[in-house]
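Each chain gets a letter, A, B and so on, in the order its sequence line appears, and its residues count up from 1. Every value quoted in this text rests on a predicted model; they were computed, and no experiment measured them.
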Amino acid sequence: MRKSLQNPKIIKLTLPDGSLREFPMAVSGLEIAMAIGPGLANAALAIRFNGELRDLKTEIYEDGEFSVVTLKDEDALELIRHDTAHVLAQAVQELFPDTQVTIGPTIENGFYYDFARENQFSSDDFEVIENRMVEIIDQDLPIERKIWNRDEATNHFLSKGEVYKAEIINDLPEDEEVSVYRQGNWLDLCRGPHLPSTGKLPKAFKMMKLAGAYWRGDSNNEMLQRMYGTAWSDQKQLKAYLHMLEEAEKRDHRRIGRELNLFHLQEEAAGAVFWHPNGWTLYRTVQSYMRIRLERAGYVEVNTPQLVDRTLWEDSGHWEKFRESMFVTEDEEKVLAIKPMNCPCHVQIFSQGIKSYRDLPYRMAEFGSCHRNEPSGALHGLMRVRAFTQDDAHIFCTNEQITSETKIFCDLLMSIYKDFGFEDVIIKYSDRPQVRAGSDEVWERAECALKEAVEAADYDYVLNPGEGAFYGPKLEFVLRDAIGRDWQCGTLQVDFVLPERLDASYIGMNGEKHRPVMLHRAILGSFERFIGILIENFSGRFPLWLAPLQIVVASITDEAASYAEDVVAACRAVSLKAETDVRNEKINFKVREHSVAKVPVIFVVGAREATNRTVSIRRLGGKEQEIVALAQAVDTLAMEAAMPSLLSD
RNA sequence: GCCGCCGUAGCUCAGGGGUAGAGCGCGCCCUUGGUAAGGGCGAGGCCGAAGGUUCGAUUCCUUCCGGCGGCACCA
């Protein structure tokens, strides 16, 4: 490099518009920007060279693709957020000198910074901190990158009492440069890149929340204080983001669950759901639908005990691995555990009566009610509970059947998700975790089998290394909801271990005993959580087939009350879920109330409708009404309310 | 489990060392009104639980329970 500096030569850069421009070697990003135009140079935040984001002042020594990053670029957000995190850290250290800095990365929609400090921060401190941040931005401090000698850097941070930074330097790979960014009197160890000065920040940020976080994400380490913030290119984006958060809060399943009277939770049964009539109706609809789909897919349904002796859990390996999160009780002489999962019990059923290879694949389903003693801090509405019901099943099959069963399962799952309105699904393939049961050889076999299967099934998947179940590799099915959030629901896990441990066998074609393979699989995951997801996805406005109350028949005056009863009877005769509203209230009031309650259809009936045997149909969210003969209205809606996938096949 | 915040009427929340307030909802009365809130009156609270400080605690302190936001965990 020295050598080439002594012999200046020309480098060729391709700009985003495709044009090629020549510059002397070691030209800086800023100089290039100036050469292109002073306006661009002024707006320049950083550069992208051969795909990599770099500081604006980075010198360039070779040909390549070059672009200037300004506020208009997607890339800018990453820079802004990272810089805002630094400004936050500077503000915090200026205001609270007893604070140590640790790390402050960008995250989706913003950034955080973890601080170590004896005293607790409070969110009341945010206002002061934000004000100081604005001051730092207004000072327009130049941000300078320096490469430091490793020992110098360590000593510098240690001398300032920054033991976390020193530890980070110590753990950097030997060949990595130790770079430091200085802004004013404040500096931070950082890889970069950063903006040229604090004044380039658009001041469209907001400190959001304060939370604890373990140093290096390890619960054995001390807890730091994490500050979350959001940052954007301009005020408009910031406002839009804050508005989006408000909207997301409105579809929170806990709020809608209360508003639509679906369920409640209370402290006497933390982590367990009290399903109200509406919620239970929804639950039963989902369950009935699943039952039909499973029956059609060749599953048999079983039901197994809640309380099972510890010996079975010892045999299965759960006692050793998951004892902590099992609810355990005893009678006079036995120790019993409430089942945390269904698989050991399913093996018991499988093993009753010797199975033949002719019986395989044997698809055993259970809407299995399970309990797991989840850590108190993990509980969250319906999404994370201690008492739940899985749409669980175990497919007992031969090695050769893994591929076809995997494909059949993936197809079933995709079809079911589609019926619930989820079309955007990704598959993750997770292989052996650190802590696991079974030999490496068995794992090798299981991993290959599953990988082959998913590839044969012709679905795309992404790798998720080290995240498999303790007994086998797995596929995870992640669906994307209406506002773009991902939820992992379905799973398929190959298990050679449990059949071995619980001695499951079948008689093969050759008359000898063989081990079946077990495929653990779920589609919804748990009913509780899946219903939570449905609530948030639809924001409580369920499609007709899922709506717990489909039609309200609202009378205008008492004159129509008895006709309203007739209409409800006609609906119920075709299994439409209908109620009357013959209260002494104005029709405006009734329409509003049932609209707020997100009832999909309101039939308004007055004297005219009663005389003509018609109904005035009003759809949720619609403004128009349609007058239709009762019989026809009921027919149409009954068709519409049918479970998807069940009419056609 | 860990850190922070919170716990007051069915719900959403205000208040604050001298035993409590609003809106919505609920009940009753008037109103029978044609597609998103008609009017009046009224009931409703061991201020999460247990200890402590105090003449006196819902208010201050401690512990516990639960909720919320994260972290860790998630067979």
d(CZ, A:Phe603; C1', B:G34) in whole Å: 17 Å
At under 4.0 Å between heavy atoms, how does the protein contact nucleotides 70-75 of chain B? Give one character per nucleotide, 5' to 3', with B, S or -. BBBBBB
Can you name the atoms? Protein N/O to nucleotides 46-50 of chain B N/O, anything below 3.5 Å, with the distance.
none

Between the side-chain atoms of A:Glu324 and the base atoms of B:G1, is any donor-acceptor pair under 3.5 Å? no
With a 4.0 Å cut-off on heavy atoms, is A:Gln625 in touch with a base, just the backbone sugar-phosphate, or nothing at all? base
Have a look at A:Arg254 and say if it touches a base, only the backbone sugar-phosphate, or nothing, with a 4.0 Å heavy-atom cut-off. sugar-phosphate
Below 4.0 angstrom, N of the basic side chain to O of the carboxylate: do A:Arg363 and A:Glu405 qualify? yes
Measure distances between side-chain N and O atoms of A:Asp558 and base N and O atoms of B:U32, and say whether any donor-acceptor pair falls under 3.5 Å. yes
Dot-bracket, RNA chain B: Watson-Crick or G-U, under 3.5 angstrom, [ ] crossing, | other strand? (((((((..((((....[..)))).(((((.......))))).....(((((..]....))))))))))))....
Select from A:Leu265 and A:Ser122 the residue whose nearest nucleotide in RNA chain B is closer to the 5' end of that strand. A:Ser122
Pairs under 3.5 angstrom only: tabulate donor-acceptor contacts from the side chains of residues 606-613 of chain A to other protein residues two or more places apart or in another chain.
from: A:Glu609; atom 1: OE1; to: A:Gly606; atom 2: N; distance (Å): 2.8
from: A:Thr611; atom 1: OG1; to: A:Ala607; atom 2: O; distance (Å): 2.8
from: A:Asn612; atom 1: ND2; to: A:Arg608; atom 2: O; distance (Å): 3.2

Grab the N/O contacts between the protein and nucleotides 58-62 of chain B below 3.5 Å, and write none if there aren't any.
none

Toward the 5' end of RNA chain B, by each residue's nearest nucleotide, A:Ser123 or A:Arg258: A:Ser123
Under 4.0 Å between a side-chain N/O of A:Asn588 and OP1 or OP2 of B:A36, yes or no? yes
N/O donor to acceptor pairs below 3.5 angstrom from side-chain atoms of residues 302-310 of chain A, sequence neighbours left out:
from: A:Thr304; atom 1: OG1; to: A:Lys339; atom 2: NZ; distance (Å): 2.8
from: A:Thr304; atom 1: OG1; to: A:Glu366; atom 2: OE1; distance (Å): 2.8
from: A:Thr304; atom 1: OG1; to: A:Glu366; atom 2: OE2; distance (Å): 3.1
from: A:Gln306; atom 1: NE2; to: A:Ser369; atom 2: O; distance (Å): 3.4
from: A:Asp309; atom 1: OD1; to: A:Thr311; atom 2: N; distance (Å): 2.9
from: A:Asp309; atom 1: OD1; to: A:Thr311; atom 2: OG1; distance (Å): 2.9
from: A:Arg310; atom 1: NE; to: A:Glu314; atom 2: OE2; distance (Å): 2.6
from: A:Arg310; atom 1: NH2; to: A:Glu314; atom 2: OE2; distance (Å): 2.8

How long is the line joining NZ of A:Lys586 and C1' of B:G34, in whole Å? 11 Å
